[in-house]
Amino acid sequence: MRAPATVCRAFTLIEMLVSMSAGSAILASVVYSSISLQRSFIWSSDYSADSIAQLRAVDYITRDIRGALTVTIPPGGQTLSLELPDYYAAYDAQGNPTGVPVDPAIVNGVPQYGDPARPVVVTYFMSGTSLLREQTVEATGQTTQVAVASGLSDFALSFAGLSTVVKFSLTFTPKHHAASAASTEGTTVSATVAARTIRFK
């Protein structure tokens, strides 16, 4: 009596080719999706960082203009000089106020903080591609600088004499370029601010 023959089964060449093609297609789609997600994450991160930098710069300038006693824009319109009341009696090494605000003296119905002849002078200007804020406390002679934003290509200002409205715009250079040789346009943020405490001389 003969034993039953053993049958060996295996994939045919066509089946192997089909399965390899399907596996390659799935792997390619996974790799492409991963690259797309990574690019989206990088772009989202850059957009968030750029938005924060733009808002930070606008907030800095707006805050100082609103509390300014005088506003000066030298010829060229890329430097903003402000005189602010000296609300504090002491400052640290970075120019940040320490302690509590000083009480004002009321002179002819106008509050005066510290020595009116020696205010806090704040100047905004571009150095390279950075926007700097320079603060000089004239009562102590202390001068400090802080970089408000970087990656700028333009800082434009306008202010009409005997008015209280200052207009400014900041143009940031693009981080990404189009497929062509020409670069994409930079982001421009602008604001119109009223100097609420300005005093005309």
Side-chain angles (χ1 to χ4, degrees), residues 49-172 186-201:
D50 291 345
S51 298
I52 291 172
Q54 293 160 13
L55 290 174
R56 170 186 166 91
V58 171
D59 286 347
Y60 256 92
I61 299 172
T62 300
R63 178 199 63 184
D64 287 335
I65 291 176
R66 285 178 176 166
L69 299 174
T70 65
V71 176
T72 305
I73 300 176
Q78 288 193 314
T79 301
L80 174 65
S81 182
L82 309 167
E83 289 185 358
L84 304 173
D86 191 356
Y87 293 113
Y88 295 87
Y91 297 83
D92 62 17
Q94 287 74 40
N96 300 312
T98 58
V100 297
V102 298
D103 293 328
I106 308 301
V107 179
N108 297 325
V110 178
Q112 293 183 351
Y113 295 85
D115 185 353
R118 297 194 294 176
V120 175
V121 178
V122 173
T123 304
Y124 287 91
F125 60 95
M126 284 187 62
S127 176
T129 60
S130 297
L131 178 67
L132 301 182
R133 178 186 186 271
E134 183 177 272
Q135 173 180 289
T136 301
V137 182
E138 294 194 347
T140 61
Q142 181 184 27
T143 298
T144 54
Q145 276 189 3
V146 62
V148 176
S150 60
L152 275 78
S153 61
D154 189 36
F155 177 39
L157 296 146
S158 65
F159 174 65
L162 298 180
S163 72
T164 61
V165 177
V166 180
K167 296 180 181 179
F168 67 90
S169 64
L170 302 166
T171 301
F172 290 78
T187 302
T188 300
V189 292
S190 58
T192 301
V193 187
R196 293 183 275 191
T197 58
I198 194 168
R199 297 175 186 174
F200 301 107
K201 296 181 179 180

Could you note down all residue pairs passing side chain to side chain donor-acceptor pair (under 3.5 Å) where residues 54-63 supplies at least one of them, sequence neighbours left out? none
Acceptor/donor pairs from residues 96-110 side chains to any protein atom, 3.5 angstrom cut, sequence neighbours excluded:
residue, atom, partner, partner atom, Å
Thr98, OG1, Ala90, O, 3.2

Residue pair Asp64 / Leu80, side-chain heavy-atom distance below 4.5 Å: no
For Thr136, enumerate each residue passing the side-chain hydrogen bond (donor to acceptor under 3.5 Å, both in side chains) test, keeping only those at least two apart in sequence or located in another chain. Thr143
According to the ring-ring contact (aromatic ring centres under 6.0 Å, His included) rule, which pairs have a member within residues 94-150, sequence neighbours left out? Tyr87-Tyr113
With sequence neighbours excluded, tell me which residues meet salt bridge (charged side-chain N to carboxylate O under 4.0 Å, His left out) with Asp86. none
List the atom pairs, donor and acceptor, that lie under 3.5 Å between side-chain atoms in residues 153-161 and the rest of the protein, sequence neighbours left out.
residue, atom, partner, partner atom, Å
Ser153, OG, Thr171, O, 3.3
Asp154, OD1, Gln78, NE2, 2.8

If I compare all heavy atoms of Gly95 with all of Gln135, which pair ends up nearest, and what's the gap? O-NE2, 2.8 Å
Pro85 and Val120 have their tightest heavy-atom pair at O-CG2, 4.1 Å
List the steps and the verdict of side chain to side chain contact (heavy atoms under 4.5 Å, CB included) for Asp50 and Thr187. CA-CA 9 Å; Asp50 291 345; Thr187 302; over 6 Å; no
So, using side chain to side chain contact (heavy atoms under 4.5 Å, CB included) as the criterion, who are the partners of Ala68 when residues are at least two apart? Val71, Leu82, Leu84
Thr197 side chain to Gly67 backbone, donor-acceptor under 3.5 Å: yes
Using the side-chain hydrogen bond (donor to acceptor under 3.5 Å, both in side chains) criterion, which residues pair with Glu134? Sequence neighbours excluded. Gln145
Just so I know, are the side chains of Phe168 and Val193 near enough to count as touching, which here means a heavy-atom distance under 4.5 Å? yes
Please determine whether side chain to side chain contact (heavy atoms under 4.5 Å, CB included) holds for the pair Ile61 and Val166, giving the CA-CA distance in whole Å, both sets of side-chain angles, and the decisive distance to 0.1 Å. CA-CA 10 Å; Ile61 299 172; Val166 180; over 6 Å; no
Could you pull out all residues at least two apart from Arg66 that satisfy salt bridge (charged side-chain N to carboxylate O under 4.0 Å, His left out)? none
Show the nearest heavy-atom pair for residues Ala57 and Leu170, with the distance to one decimal. CB-CD1, 3.5 Å
Could you work out, with side chain to side chain contact (heavy atoms under 4.5 Å, CB included) as the rule, every residue matching Ser51, not counting sequence neighbours? Tyr47
Could you give me the CA-CA distance, side-chain angles and deciding distance for Tyr91 and Thr144, then say whether side chain to side chain contact (heavy atoms under 4.5 Å, CB included) is met? CA-CA 11 Å; Tyr91 297 83; Thr144 54; over 6 Å; no
Of all residues at least two apart in sequence or in a different chain, which pass the side chain to side chain contact (heavy atoms under 4.5 Å, CB included) check with Ser81? Thr72, Val121, Thr123
Hits for salt bridge (charged side-chain N to carboxylate O under 4.0 Å, His left out) against Asp92, two or more places apart or cross-chain, chain-then-number order -> none
